[in-house]
There are 2 protein chains.
Amino acid sequence: MVKGESSVGSVSWQSIRDAMMARIRAQDYAPGELIPNEVDLATEFGCARATVNRALRDLATSGFLDRRRKAGTRVREAPRRKATLAIPLTRAEVEASGARYEYRLLERMGETPPPSVREKLKLAGKERVLHVKSLHLADNVPHMFEDRWIVLDTVPEIEAVDLVKTSPNVWLVRHAPYTHGTMEFLAETAGARSKHLICAPDDPILTMLRVTWLDASPITFARQSFSPSHRMRLEL
Amino acid sequence: MVKGESSVGSVSWQSIRDAMMARIRAQDYAPGELIPNEVDLATEFGCARATVNRALRDLATSGFLDRRRKAGTRVREAPRRKATLAIPLTRAEVEASGARYEYRLLERMGETPPPSVREKLKLAGKERVLHVKSLHLADNVPHMFEDRWIVLDTVPEIEAVDLVKTSPNVWLVRHAPYTHGTMEFLAETAGARSKHLICAPDDPILTMLRVTWLDASPITFARQSFSPSHRMRLEL
DNA sequence: ACGTATATTATGTGCAGACATATTAAATTC
DNA sequence: GAATTTAATATGTCTGCACATAATATACGT
């Protein structure tokens with residue numbers, strides 16, 4: 001570790017974060033190894049312990065460090081970085097490209113979900129579930145076909161929502177922000193969806209599966225199928 | 001706004017964050033509108049202003065709030081949520097599935113990048129660029145074919161790295177963590193890549209394009225093509 | 001030697017106070 | 001009325017101190 005390059009002259013938490021980041025880059029702290037503790041780093045940088053804590057917390061939030069009380073702080077073997085989604089994803093995407101966005105409700109029904117959906121949402125058996133199919137367009141051209149299941153036991157209010165006017169995604173984003181979930185990307189052939197997306201059944205399409213939870217309660221499972229050649233862009 | 005439900009009895013920043021989250025859910029604060037300022041919220045919750053600041057900062061980092069000095073804090077019209085990637089993504093994925101991971105360097109050369117790559121990396125003209133093709137396997141089965149361009153002007157040290165032993169991704173994650181970038185998912189037919197991925201040329205495959213930057217300098221542009229049926233999973 | 005209890009320690013949090021900074025509002029000048 | 005200057009304000013940061021908490025180390029008992 002290079003001690004001579006301390007940042008004594010400038011003691012903002014950002015400068016400490018940057019200095020620590022540089023050391024991580026240079027492998028001064030090997031992946032998996034402990035870094036010096038906060039009190040020692042505060043001495044080295046000539047600032048308060050709370051300031052070091054603030055800097056290290058940012059690095060931990062960004063996925064570079066693992067922090068444990070008493071155990072100390074380690075450089076992660078594999079950084080866990082985050083990518084940003086803007087939600088509502090589809091409307092924002094379409095409008096950002098300068099196109100006119102339109103949403104069309106295709107089907108809405110209370111329905112018993114098939115086993116694959118029950119498994120995704122970890123349903124026990126008695127839950128009421130809403131099944132919604134919709135099409136999202138850009139300049140009157142099909143952009144994304146959505147097949148979505150919403151657990152009414154978790155978000156009963158959506159039952160009173162006019163889903164002709166408001167897409168379930170927009171409503172959920174506003175009224176049922178998830179606490180955690182998963183998102184999967186896969187490539188499939190359009191198949192039966194080609195009639196919605198107006199393409200060839202053999203065309204490759206990007207599909208996104210999303211499951212969201214509110215604490216321990218499942219909110220929704222959505223399968224979004226995009227038109228061929230569509231690219232889903234995330235910011236890193 | 002519901003003032004009677006203050007959290008006077010429990011004043012951790014987490015409880016304040018949760019209380020504010022509940023209000024956002026309930027639309028007590030409309031999207032785009034200002035919420036009460038920190039001093040007022042501190043009075044309401046019966047805690048220090050710094051504690052409110054800590055809670056709101058978390059909500060801002062999570063994408064629900066926009067904060068500006070003097071201007072105040074607004075509920076975002078569209079939340080910007082984050083998804084988590086574990087990097088090195090491929091090795092972690094393969095090993096998490098219980099398979100044996102293997103990396104094979106296919107090609108490595110200094111080369112003039114084509115216009116499409118120059119554009120992705122915003123290259124001016126004189127930059128030295130390394131071109132690396134590699135195959136990543138799971139239990140001896142091709143899992144991902146990677147075609148990657150690395151800007152040597154940004155990360156010259158990689159030139160001395162034995163890329164037979166170490167995948168460029170692993171090296172870059174360790175030595176050149178990006179400050180920002182973009183990631184795109186798309187569905188394509190395998191085409192010429194089918195000979196690497198050992199599949200039919202018409203098979204749909206998931207492709208991920210990633211461009212990363214170190215401040216204003218481009219690091220790398222990678223096109224990763226996954227074997228058919230592969231699902232890229234992110235945590236929300 | 002092993003299991004349990006106690007002590008220690010590194011990070012996490014809350015607070016009060018002061019100061020910094022970016023932004024908006026108000027006052028002043030032309 | 002428009003432009004410029006000054007004042008006010010809401011968030012951002014730093015500090016020192018105290019306390020909390022989770023985890024590891026040490027001590028004690030069998």
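For A:Lys70 and C:dA10, the NZ to C1' distance is 7 Å, given to the nearest whole Å. Atoms CG (A:Leu59) and C1' (C:dT11) sit 15 Å apart, rounded to a whole Å. The distance from atom CZ of B:Arg69 to atom C1' of C:dA25 is 19 Å, rounded to the nearest whole Å. Note: CD1 (B:Ile35) to P (D:dT9) measures 19 Å, nearest angstrom. Atom P of nucleotide D:dC14 and atom CZ of B:Arg57 are separated by 10 Å, given to the nearest angstrom. Distance, B:Arg74 CZ to C:dT23 P: 13 Å, rounded to whole Å. Rounded to whole Å, atom P of D:dA10 lies 10 Å from atom CG of B:Leu34. When rounded to the nearest whole Å, the span between CZ of B:Arg54 and P of D:dC14 equals 14 Å.
Environment of CZ in B:Arg68: sparse, with no more than 12 heavy atoms of neighbouring residues, nucleotides or ligands closer than 6.0 Å.
The existence of a salt bridge linking B:Arg25 and A:Glu157 is excluded, since no basic side-chain nitrogen approaches an acidic carboxylate oxygen closer than 4.0 Å. Ionic pairing of B:Arg76 and B:Asp66 is present here: one or more N-O contacts between side-chain nitrogen and carboxylate oxygen are shorter than 4.0 angstrom.
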Please report the C-alpha distance between A:Arg148 and A:Ser134 in whole Å, then the side-chain angles of each, then the deciding distance to 0.1 Å, and finally whether the side chain to side chain donor-acceptor pair (under 3.5 Å) criterion is met. CA-CA 8 Å; A:Arg148 182 185 284 268; A:Ser134 59; over 6 Å; no
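For the pair B:Thr51 and C:dC15, the criterion of a side-chain N or O lying under 4.0 Å from OP1 or OP2 is met. Put simply, A:Gln14 has no side-chain N or O that comes within less than 4.0 Å of OP1 or OP2 on D:dG12. Put simply, A:Asn53 has a side-chain N or O that comes within less than 4.0 Å of OP1 or OP2 on C:dG12. Side-chain N/O atoms of A:Arg67 include one lying less than 4.0 angstrom from OP1 or OP2 on C:dG12.
Comparing A:Thr73 and B:Arg68 by the nucleotide of DNA chain C whose heavy atom lies nearest to each, the residue mapping closer to the 5' end is A:Thr73. If B:Cys47 and A:Val39 are placed on DNA chain C by their nearest nucleotide, the residue sitting closer to the 5' end is A:Val39.
Within the 4.0 angstrom heavy-atom criterion, base atoms lie near A:Ala50. Among the heavy atoms of the strands lying under 4.0 Å from B:Arg49 is at least one base atom, whether or not backbone atoms are also near.
Of all nucleotides listed (C:dT11, C:dC15, D:dG12), C:dC15 comes nearest to the side chain of B:Ala48.
Panel note: side chain A:Arg128, backbone A:Asp153; no donor-acceptor pair is recorded below 3.5 Å.
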